[in-house]
> 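I have a structure I would like to understand better, so I am pasting it below and will then ask my questions one at a time.
Note on naming: letters A, B, ... go to the chains in the order of the sequence lines (proteins, then strands), and numbering restarts at 1 for each one.
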Number of protein chains: 2
Amino acid sequence: MGTIDNPRIQELSQILKALGHPTRLFIIEEIAQKPACVCELKERIGADTSTVSKHLSILRQAGLVDIEKKGTMVYYSLSCACVQSCIQSLTPLIELKHKRYCEMLE
Amino acid sequence: MGTIDNPRIQELSQILKALGHPTRLFIIEEIAQKPACVCELKERIGADTSTVSKHLSILRQAGLVDIEKKGTMVYYSLSCACVQSCIQSLTPLIELKHKRYCEMLE
DNA sequence: ATACTATTTGGCGATATTGCAAAATAGGAT
DNA sequence: ATCCTATTTTGCAATATCGCCAAATAGTAT
């Protein structure tokens, strides 16, 4: 798939692709605060349970989240705090885009 | 599109989605070293010029790259050094995944 | 003007993603 | 065992992405 066959790039792009969806990014930020189960996330997102579960499995395949089973519930948590750093590090870019957008309006 | 309508999340996911492709990630890392034009990148990637150009326009729409025109050539560069930090910050996660993969083989 | 190169854009088929619904699976309680 | 809830998996239709080709656009030179 694709022309770049560098394993590190493949790994990175899988992770970034998993993060590149609004619902999954929302999930990441929610469970970064506090681990949550599917039904809790489903409530906050407002999508079908199966949809949420599928997003979670994509995050899991990318290694972004861990699970802990408690009875029938499955609690999802961040596997690495570095994911928060990754997201946070983009703040300057967003500010730059806003600045440029304002300048463009003048 | 989607159920999450938080503007910040939308903005972030557009950026991360743009980064979430091997060819585009490769481009980002190339021009982080030194700005390059389409034909240079096309050589290093080995894809059609139009394919590379389209990837570049996705990166541009996400605000990740800037352009500078010199004659008929268009040089692309990183718009913000924070993009490199973003990628670098995922190193611990990749190491964690490798560690777990090795443990899994035992 | 033509010729040449660099880049972008439009079209198109192949493939992948998304989200809901229904069915399957798993665990706890009665 | 049945019942109930939580979760995952499967199926499917709608949509989006990808990569090549061809055509259009832009800039330089003759």
> Could you give the CD1-to-C1' distance, from Ile58(B) to dA16(D), as a whole number of Å?
11 Å
> For each nucleotide in nucleotides 7-17 of chain C, reading 5' to 3', give B when a protein heavy atom comes within less than 4.0 Å of its base, S when such contact involves only the sugar-phosphate, and - otherwise.
BBBBB-----S
> Give every donor-acceptor pair under 3.5 Å between a side-chain atom in residues 54-68 of chain A and any protein atom, sequence neighbours left out.
| unit_1 | atom_1 | unit_2 | atom_2 | d |
| --- | --- | --- | --- | --- |
| His55(A) | ND1 | Arg24(A) | NH1 | 3.1 |
| Ser57(A) | OG | Lys54(A) | O | 2.9 |
| Asp66(A) | OD1 | Arg100(B) | NH1 | 2.8 |
| Asp66(A) | OD2 | Arg100(B) | NH2 | 3.2 |

> For the pair made of CG in Leu59(A) and C1' in dT18(C), what is the distance, rounded to whole Å?
14 Å
> Distance-only criterion, 3.5 Å: show the donor-acceptor pairs between side-chain atoms of residues 40-52 of chain B and protein atoms not counting sequence neighbours.
| unit_1 | atom_1 | unit_2 | atom_2 | d |
| --- | --- | --- | --- | --- |
| Glu40(B) | OE1 | Cys37(B) | N | 3.0 |
| Arg44(B) | NH1 | Glu30(B) | OE1 | 2.6 |
| Asp48(B) | OD2 | Ser50(B) | N | 3.0 |
| Asp48(B) | OD2 | Ser50(B) | OG | 2.7 |

> Which residue pairs pass the ring-ring contact (aromatic ring centres under 6.0 Å, His included) test when at least one of the two sits in residues 71-90 of chain A, sequence neighbours left out?
none
> Following the transitive rule for hydrophobic clusters with a side-chain heavy-atom cut-off under 4.5 Å over Ile, Leu, Val, Met, Phe, Trp and Tyr, establish whether Ile27(A) and Met73(A) coincide in one cluster.
no
> Write down the distance between CD1 (Ile27(A)) and C1' (dT7(D)), rounded to a whole number of angstrom.
14 Å
> Does the side chain of His55(B) get closer than 4.0 angstrom to OP1 or OP2 of dG19(D) through an N or O atom?
yes
> Let me know the distance between CG of Leu16(B) and C1' of dT17(D), rounded to the nearest Å.
17 Å
> Return the set of residues passing side chain to side chain contact (heavy atoms under 4.5 Å, CB included) with Pro92(B) (not counting sequence neighbours), or none when no residue passes.
Cys80(A), Cys82(A)
> Would you mind reading off the distance between Glu68(B) atom CD and dA26(D) atom P, rounded to a whole angstrom?
20 Å
> Sequence neighbours excluded, which residues qualify as side chain to side chain donor-acceptor pair (under 3.5 Å) partners of Lys97(B)?
Glu11(A), Gln14(A)
> If each of Gly20(A) and Lys69(A) is mapped to the nucleotide of DNA chain C with the nearest heavy atom, which maps nearer the 5' terminus, i.e. the 5' end?
Gly20(A)
